[in-house]
Amino acid sequence: MDFLCAHAGRPAGAITRRDVARALLAVPSGVALVALPDLRRAMMSAGNPLSLPFWESAKATLSSIESGVATVGDVQRWVESTGTEPMLMTPSYFVWPEEDERGPVAAEMFARLVAYLEERVEVGEIDPDALVAGDQEARGAYEELQEHWLSTPLPDGRVPGFAVSDEQDEELFAAWDEEEAFALSELRRIVAGLPEQPELPAGDLEAAAARLRELLAEPGYPGNVLRACAGFDDAPMPDDDGELWLAVAAGIAGPISDLSEGGDALEEFADLDRELSLEDATLADLCAIQHADWLAGVAALTRLGPGVLASPERIARLIAESEDIDVDDQDDDDLDATETLFASVVGLWAQLGIVDRSEVLTPLGWWGLPKALERAWSPAAE
């Protein structure tokens, strides 16, 4: 009982089913099973006996854990059946961060929801015994109650669900910016240690830019993907050939915008089983490549120079063998995944003249890749 009260931060008379469940799960299941009868008697002596269905469910869940047949979902649903545990994921797909990953806002909103649910149990609006018995109507009402709370403004105007999501987005963007800044510093360090590159052969950039302008004016793939990567759907294309080429090359490493949705029908977005278009799949591949993989791949190609094979398979191998980044031991599945992602990259590089038809790095690609990557990772102010 002392452990339970300390774990819950409440006196025995105020302990809830959720408090008991969380305390039981905080110790080995065998220990919890042995302690369960004494804990139940202690709760009765404290005038807070809870209910027989709860104690039976606790014994059944702990026994299932001890025997190794309980799933994480089983345990989560049992804790939720206490009537005051927020659902990890709601029917509308709102997901609470894991407890050790919650920021201040998420922690505050989670605690507010727990307190709200305790009030609903107290007035009889939530029936924990019905929840633990698997009553679908009670479960549906429990879900709806939480959905409503998450979407209802608090007195200070904040909407709990949006407040938590906004905090998660801010944390994600901050982590992304930090990773990008580190990758940029590493790129500059690596490039500074390489021999100075010769001047780009005259006419290569102009010819590639001329082909690129024709491509960007055409509808469909790959022009529409390249326009989205460079952000040209929302901004005019530069007149300078070098600026144009670098903007598109940088956009492949860091796409600025998504495809225009003007021609997409609503039913296409509702059909989750439909196959991605070539354009959507390509952009998804580009966005899935990590900074470290871009850094390792471009650094290796820049060191090796023009004439080196830059096929997706070769790039995947160069990344796996790179000394510029920390790479865990990779199996064939990891190499295949990297190769698949860079297949989209190499296909677009060919349109810019970075690689030739044989997927060999060209002098233009050797000159421009590190510059394009630096541009993609540099803050807008630079």
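Every value quoted in this text rests on a predicted model; they were computed, and no experiment measured them. FYI, the numbering just counts along the sequence from 1.
For residues 97-106, the set of pairs meeting the side chain to side chain donor-acceptor pair (under 3.5 Å) definition, not counting sequence neighbours, comprises R22-E99. For residues 159-186, the salt bridge (charged side-chain N to carboxylate O under 4.0 Å, His left out) pairs, not counting sequence neighbours, are E186-R189. Residue pairs that meet the side chain to side chain donor-acceptor pair (under 3.5 Å) test with at least one member in residues 207-224, sequence neighbours left out, are R213-D241, N224-E279.
A salt bridge links E80 to R139: at least one charged side-chain nitrogen sits closer than 4.0 Å to a carboxylate oxygen. A salt bridge is defined here as a Lys NZ or Arg NE, NH1 or NH2 lying under 4.0 Å from an Asp or Glu carboxylate O, and R317 with E313 fails to meet this definition. At a threshold of 4.0 Å, the pair E323-R303 does not count as salt-bridged, since none of the basic side-chain nitrogens sits closer than that to a carboxylate oxygen. A salt bridge is defined here as a Lys NZ or Arg NE, NH1 or NH2 lying under 4.0 Å from an Asp or Glu carboxylate O, and R375 with E243 meets this definition.
In the hydrophobic clustering of ILVMFWY residues, with side-chain heavy atoms under 4.5 Å counting as a link, L4 and V27 come out apart. In terms of hydrophobic clustering, with Ile, Leu, Val, Met, Phe, Trp and Tyr side chains grouped at heavy-atom distances under 4.5 Å, V31 and V34 are assigned to different clusters. Residues V346 and L278 are members of one and the same hydrophobic cluster, defined by side-chain heavy-atom contacts under 4.5 angstrom among Ile, Leu, Val, Met, Phe, Trp and Tyr. Note on L50: it clusters hydrophobically with L33, by side-chain heavy-atom contacts below 4.5 Å among ILVMFWY residues. In the hydrophobic clustering of this structure, I315 does not group with V360; members are Ile, Leu, Val, Met, Phe, Trp, Tyr whose side-chain heavy atoms approach within less than 4.5 Å, directly or through other members.
The CD1 atom of I252 sits 7.0 Å away from the CG atom of L286 when rounded to the nearest 0.5 Å. Atom CZ of residue F162 and atom CG of residue L150 lie 10.0 Å apart, to the nearest 0.5 angstrom. How far CG of D135 is from OG of S81: 12.0 Å, rounded to the nearest 0.5 Å. Once rounded to the nearest 0.5 Å, the distance linking OG1 of T302 with CD1 of I190 reads 9.0 Å. Considering CE of M43 and CG of D38, their distance stands at 13.5 Å, rounded to 0.5 Å. Summarising the geometry, atom CG belonging to L24 is positioned 9.5 Å from atom OG1 belonging to T61; distances are rounded to the nearest 0.5 Å.
Here the shortest heavy-atom pairing between L361 and A310 reads N-CB, 4.3 Å. Minimum heavy-atom separation, L364 to D204: CD2-O, 4.2 Å. Minimum heavy-atom separation, M109 to W149: O-CH2, 3.4 Å. Closest of all the heavy-atom pairs between P370 and V191 is CB-CG2, 4.0 Å. Minimum interatomic distance between D285 and S344 (heavy atoms only, all atoms of both residues): OD2-OG, 2.7 Å. The heavy-atom pair separating W366 from L301 by the smallest distance is CD1-O, 4.0 Å.
Proximity of V132 to F54: side-chain heavy atoms (C-beta onward) are nowhere separated by under 4.5 Å. In this structure, P160 and R112 have side chains that are not in contact, with every pair of non-hydrogen atoms separated by 4.5 Å or more. Two residues are said to be in side-chain contact when any heavy atoms from C-beta on lie closer than 4.5 Å; F110 and V164 fail this criterion. Two residues are said to be in side-chain contact when any heavy atoms from C-beta on lie closer than 4.5 Å; E85 and R17 fail this criterion. Annotation: side chain of L244 is in contact with side chain of P238 (closest heavy-atom distance under 4.5 Å). You'll find the side chain of L295 reaches within 4.5 Å of the side chain of W377, heavy atoms only. No side-chain heavy atom of P128 sits less than 4.5 Å from a side-chain heavy atom of R18.
T16 and D19 are linked by a side-chain donor-acceptor pair at a separation below 3.5 angstrom, with hydrogens and angles left out of the test. Neither side chain, T90 nor Q146, offers a donor N or O lying under 3.5 Å from an acceptor on the other.
R227 places no side-chain N or O within 3.5 Å of a backbone atom of F232 that could act as its donor or acceptor partner. The backbone N or O of G353 sits less than 3.5 Å from a side-chain atom of T362, completing a donor-acceptor pair. The backbone N or O of S51 lies less than 3.5 Å from no partner atom in the side chain of D129, so there is not a single donor-acceptor pair. Looking at Q351, its side chain never comes within 3.5 Å of a backbone N or O of P222 through a donor-acceptor pair. Of the possible donor and acceptor atoms, none in the side chain of S64 sits under 3.5 Å from a partner among the backbone N and O of A60. Checking side-chain atoms of S322 against main-chain N and O of D324 turns up a donor-acceptor pair under 3.5 Å.
Classified by interplanar angle (parallel below 30°, tilted 30° to 60°, perpendicular above 60°), the ring pair F94/W96 is perpendicular. Ring pair W245/W367 is tilted by interplanar angle, where 30° to 60° counts as tilted.
The neighbour count for F3 CZ, taken as heavy atoms of other residues, nucleotides or ligands under 6.0 Å away, is above 12. Open room surrounds CG on D239; 12 or fewer heavy atoms of other groups in view lie less than 6.0 Å from it. The number of heavy atoms from other shown groups lying within 6.0 Å of CD (E206) is above 12. For E125, the CD atom sits in a packed shell: over 12 heavy atoms of surrounding residues, nucleotides or ligands are nearer than 6.0 Å. Summarising the local packing, NZ of K59 is surrounded by 12 or fewer heavy atoms from other residues, nucleotides or ligands at distances under 6.0 Å.
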Between L25 and W78, is a side-chain contact (heavy atoms from CB on, under 4.5 Å) present by the stated rule, with each step listed?
-> CA-CA 11 Å; L25 294 173; W78 173 63; 4.1 Å; yes

Pair Y116-L145, side-chain contact (heavy atoms from CB on, under 4.5 Å): steps then yes or no | CA-CA 10 Å; Y116 172 75; L145 192 68; 3.5 Å; yes

Next on the checklist: Please determine whether side-chain contact (heavy atoms from CB on, under 4.5 Å) holds for the pair L172 and W176, giving the CA-CA distance in whole Å, both sets of side-chain angles, and the decisive distance to 0.1 Å.
Outcome noted: CA-CA 6 Å; L172 180 63; W176 180 269; 5.6 Å; no

Kindly determine whether L304 and R314 satisfy side-chain contact (heavy atoms from CB on, under 4.5 Å), including the steps that lead there.
CA-CA 12 Å; L304 293 169; R314 176 61 172 153; 4.2 Å; yes

